[in-house]
Amino acid sequence: MSFKPADLFQRLFRQDLLVASLFRNFLLAERIMRSANCSPISYPMLPPTHQHHMWDAWDMAAEICLSQLPTLVEDPNAEFQVGPSPFFTEQLTAFEVWLDHGSKDKKPPEQLPIVLQVLLSHCHRFRALVLLGRFLDMGPWAVDLALSVGIFPYVLKLLQTTTPELRQILVFIWTKILALDKSCQVDLVKDGGHTYFIRFLDSVEAYPEQRAMAAFVLAVIVDGHRRGQEACTEAGLIHVCLKHLQGSMPNDAQTEPLFLQWLCLCLGKLWEDFTEAQVSGVQADAPAIFVPLLSEPQPEVRAAAVFALGTLLDVGFDSARDGVGGDEDCHDEEKVSTEVSIIKSLLSVASDGSPLVRAEVAAALACFAFGHNKHLKSVAAAYWKPQSNSLLTSLPSFAVKSSGSGYTTPTHCIPHGSRVPSPIAPLLRVGGDSQSISRDGRVSTSSPLATPGVIHGSPLSDDSSQLSDSGILNDAVTNGVVNHTRSRPLDNTHYSQCVLAMCALAKDPSTRIAGLGRRVLSIIGIEQVVTKSVKSTGESTTAPNTGYAGLARSSSWFDMNGGHLPLTFRTPPVSPPRPSYLTGMRRVCSLEFRPHLLHSQDSGLADPLLGSAGSSGASERSFLPQSTIYNWSCGHFSKPLLTAADDGEEVIARREDKEKLALDLIAKCQHSCEVWNYEEATLLNSFDNYGYPDKGISKLCLVNELDESLLLVASSDGNIRIWKDYTVRGRQRLVSAFPSIQGHRPGVRSVNAVVDWQQQSGYLFSSSEVSSIMAWDLDKEQLVNTIPTSSDCSISALSASHVHAGHFAAGFVDGCIKLFDIRVPELLVSASRPHTQRVERVVGIGLQPGLEPAKIVSASQAGDIQFLDMRNLKEAYLTIDAHRGSLTALAVHRHAPLIASGSAKQLIKVFNLEGEQLGTIRYLSTFMAQKIGSVRCLTFHPYQVLLAAGAADACVSIYADEIAPTR
């Protein structure tokens, strides 16, 4: 450790055993000869070490031996007392003390080389390995330091041992090493080390988390290493992984998400670009085994399963390149059947709630589109042919460049039940003319495969532009002809479903996923031309740059610990109603919102974790969107695994502070978000929600409002985006995004989504112009239930209970209201139609404060407010005629017995639960009087008696009780 530079130490003491022994002897000779005034010389010259303090231990051992000489001289029959030297024990203890108090910023432990020497001793080996594992867990810097002093040959040799107690710690050590240095895979395979980890992976005695580490090590061994893939295939790794994925073992290892995730990733890396392993996987019925994993609650497991299925899509695809006849290994019928089953599985999760999963689907469909380019292009062109009985006539948001001029837009509506989200008004140009789909498979000059970097949204026009001059396209396109096309195409139905899924991905609410989807469409000759609307004021709304946008799972929302992703929801307390509230109302704050106040130049997104991986060399598919779940998952093992951060007290203190402080007011302004501190009337942050200009924001909710809160933003088209750090200027990060509405009624072109968030259950309820309500589990990022409304009318209002998990109420456009409970099999608890005088849409609905689960307040556009008990009576027990045909908003306080209604006639009324009017806020035309606009939305502060009103003139006013302290 005293030698500088480090490469000199490696060359003299680690590369050759004979040279290392020679120079160790030189160090001892220098120690002895210097005391006799001799100066030994070496080449290359070494730094002086003869006075290093570690020689004190050597001197002590020598003095112990020499101290026995007088006794031996006096008594020739006396025995020389030889005891174990305490040197190694003392050095291990010193190393352990350093581990308790050392860090990256402190001096490196000088005992580290001695610890490696201790590994050769049987009696100290286990303790030395445990301490070494603790050191490596401190971070990549510790792994790099251990490798620099020569840890590799020691731990490689230990893989030959069969001692059971060493297996777990050895797997852990190799996990930490390979998480930093992938190049060790070559020596591991050369020495047969992969069989050690395969046996450990198949061991039922080990814990699932430890077996997940073994799967990670094996995945690194086969990652891009053909010899490693061949060796692991011969050793039966495919059979071992599939056996545990099926859950045939007697233990419950299959329930460990991290273990399942890395089994999938290991198989995917084993199959990647390796035909023999792919064929073995298909013969072992791997596609069917992966199907249940696509419904796992953890998004990482689902994404890993999609990645593994995507690598199997290469069956027979690379046979010409690899020189392996596809027909010799697997018949054409089996190939087609396999691809059909895989495509069906991928399409089933194309609308998954997790961006991580959808990104993997996009990468898999890109590979499929490249292999089936000609057939998919023909099917895409058929969208605009007059085929009344074809599914291909159902994409209203795309247009084809006709042989004449301009774009031709189809008018057919998406059938009910389709997974394509609502249109977002882009125009698509399809290279589907007669030149583009000629019989010989030639690509038109407008195709992205023939014209690199020209088509907007193509892989070569953004972060992969550096590939345009590397010549890798020459392998894929020769004289304009695609080399790899199947002789046996699939059924057109499957192609049409793939095109629909690709179009849905291109319109994804996540800008990164939408970019991947557009790149997939560009492969089959579809180019997206984004049209930007112009505001009435003349300002043009520019779309954000999506080239490098990314998504990151929020550590404050999801706690990645051993593969588990728990989302603990803290239920706000239920306060008993006080007898009297709001003796009078006064405005305490008025905020005017303009969308141009704080436009950050930064995209506001996290570091791109879903970005394309680097080029894979000379592969003809290297310009396609690449999977990222493997690299993203590897980061888990680079972090400390042995020690958990003990921040429980800090979390509790932070929650208490949140309960004491008022929540910041979040106001919505068109498609941008502004966050204000209403107590000081200061703008904290403003950012674009990445929506289209004609799609406004319909709902804002706080997720985990008493902890590290997240901002859930729902657009009117049903797209959900969840932001972190939204109160810090320019620091907001998008942590998740998904379309909450799937399919809509025939003939419906617009989507007016209504959503509500329930903290107790972790569910987001959403509905629109559909005949069902979607229940999304945000912890799983998964659609867990589709609740039929049993109504021909659409839902206009939703309200989830803040007390009873699973309870929510829905109001319909025909004046009907229904109460649902997702915990009961029937789902629907009761229904009523209280708004009978004038049939108008329900504009607001809420569950009354308190513990009563079925007391509801409902307001219709006609102006009446109805109070109902859905358990006892189907009719309202109290009716308030609040407004006359102009009611626009309703708010129910979460804990206090207060409700408020707003009118388009610039009027707000406040009532208690007995129907008594407590106050009125109206527009006054006098010079000094308060002025309010046409009320669009109302909301109460969840824990204080504060009412916020948003008006059509982009002004938000906050009102408080007259007896409340002045702010």
Side-chain angles (χ1 to χ4, degrees), residues 294 302-303 306 310 343-366 368-369 376 379-380 383 391-399 410 412-428 430 457 493-524 526-528 530 546 551 610 625 690-692 695 715 717-721 736-746 748-751 753 766 768-770 774 776 781-783 786:
L294 299 177
R302 302 197 302 270
V306 171
I343 287 298
K344 287 182 178 179
S345 300
L346 294 177
L347 294 179
S348 68
V349 291
S351 58
D352 191 273
S354 172
L356 200 62
V357 179
R358 300 197 303 274
E360 295 304 312
V361 173
L365 289 180
F368 176 76
L376 284 170
V379 169
Y383 273 108
L391 178 64
L392 305 179
T393 62
S394 59
L395 201 61
S397 59
F398 295 92
H412 303 280
C413 296
I414 297 180
H416 174 62
S418 171
R419 289 184 176 269
V420 181
S422 59
I424 55 175
L427 293 177
L428 291 180
V430 180
T493 303
H494 301 124
Y495 287 131
S496 64
Q497 292 173 351
C498 288
V499 173
L500 286 172
M502 294 173 187
C503 295
L505 291 171
K507 298 182 293 184
D508 196 271
S510 163
T511 54
R512 183 61 199 173
I513 307 302
L516 294 176
R518 288 192 294 269
R519 292 174 63 179
V520 177
L521 286 176
S522 69
I523 297 172
I524 60 175
I526 299 180
E527 176 189 356
Q528 185 179 36
V530 180
T546 62
L551 296 174
L610 295 179
Y690 299 100
Y692 288 79
K695 304 297 180 183
S715 303
D717 57 359
N719 289 334
I720 305 297
R721 294 175 179 87
S736 187
F738 63 94
S740 64
I741 306 299
Q742 298 186 0
H744 48 81
R745 299 178 189 274
V748 176
R749 298 298 302 273
S750 62
V751 177
S766 64
S768 180
E769 308 294 334
V770 294
M774 286 74 174
W776 293 85
E781 294 185 278
Q782 194 174 34
L783 179 64
T786 301

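Hydrogens, waters and symmetry mates play no part in the numbers below; they use all other heavy atoms, side chains included.
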Enquirer: Hey, does the side chain of Arg358 reach the backbone of Leu505 with a donor-acceptor pair shorter than 3.5 angstrom?
Expert: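 Such a contact is absent between Arg358 side chain and Leu505 backbone.
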Enquirer: Looking at Pro355 and Gly353, what are the two nearest heavy atoms and their distance?
Expert: CD-O, 3.7 Å
Enquirer: Can you tell me how far apart CD (Glu781) and CZ (Arg302) are? Round to the nearest 0.5 Å.
Expert: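 Rounded to the nearest 0.5 Å, the CD-CZ separation comes to 7.0 Å.
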Enquirer: State whether the side chain of Ser715 and the backbone N or O of Asp717 hold a donor-acceptor pair below 3.5 Å, judged by distance alone.
Expert: no
Enquirer: Working to the nearest 0.5 Å, report the span between CG of Leu365 and CD1 of Ile523.
Expert: 9.5 Å
Enquirer: How close do Val520 and Ala362 get, counting heavy atoms only, and between which atoms?
Expert: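 The answer is CG2-O, 3.4 Å.
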Enquirer: Stepwise, does the side chain to side chain contact (heavy atoms under 4.5 Å, CB included) test hold for Leu376 with Met502?
Expert: CA-CA 11 Å; Leu376 284 170; Met502 294 173 187; 3.9 Å; yes
Enquirer: Which heavy-atom pair separates Gly310 from Ala364 by the least distance, and what is that distance?
Expert: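 Where Gly310 meets Ala364 most closely, the heavy atoms are CA-CB, 3.8 Å.
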Enquirer: How many angstroms lie between CG in Leu516 and OG in Ser510, if you round to the nearest 0.5 Å?
Expert: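 Rounded to the nearest 0.5 Å, the CG-OG separation comes to 8.0 Å.
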Enquirer: If you take all heavy atoms of Ala506 and Ala514, which pair is closest and at what distance?
Expert: O-CB, 3.5 Å
Enquirer: For residues Pro739 and Asp508, report the shortest heavy-atom separation together with the two atoms involved.
Expert: CD-OD2, 4.3 Å
Enquirer: Has the side chain of Trp776 got a donor or acceptor atom that lies under 3.5 Å from a matching backbone atom of Ser740?
Expert: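 Indeed, once roles are kept as given, a pair shorter than 3.5 Å links the two residues.
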Enquirer: Between Ile720 and Pro509, is any pair of side-chain heavy atoms under 4.5 Å apart?
Expert: no
Enquirer: Examine distances only and state if a side-chain atom of Gln497 and a backbone atom of Leu347 form a donor-acceptor pair shorter than 3.5 Å.
Expert: no
Enquirer: How close do Met774 and Gln742 get, heavy atom to heavy atom, and via which atoms?
Expert: CE-O, 3.4 Å
Enquirer: To the nearest 0.5 Å, what is the distance between CG on Leu500 and OG on Ser351?
Expert: 12.0 Å
Enquirer: With a 4.5 Å limit on heavy-atom distance, are the side chains of Val361 and Asp352 in contact?
Expert: no
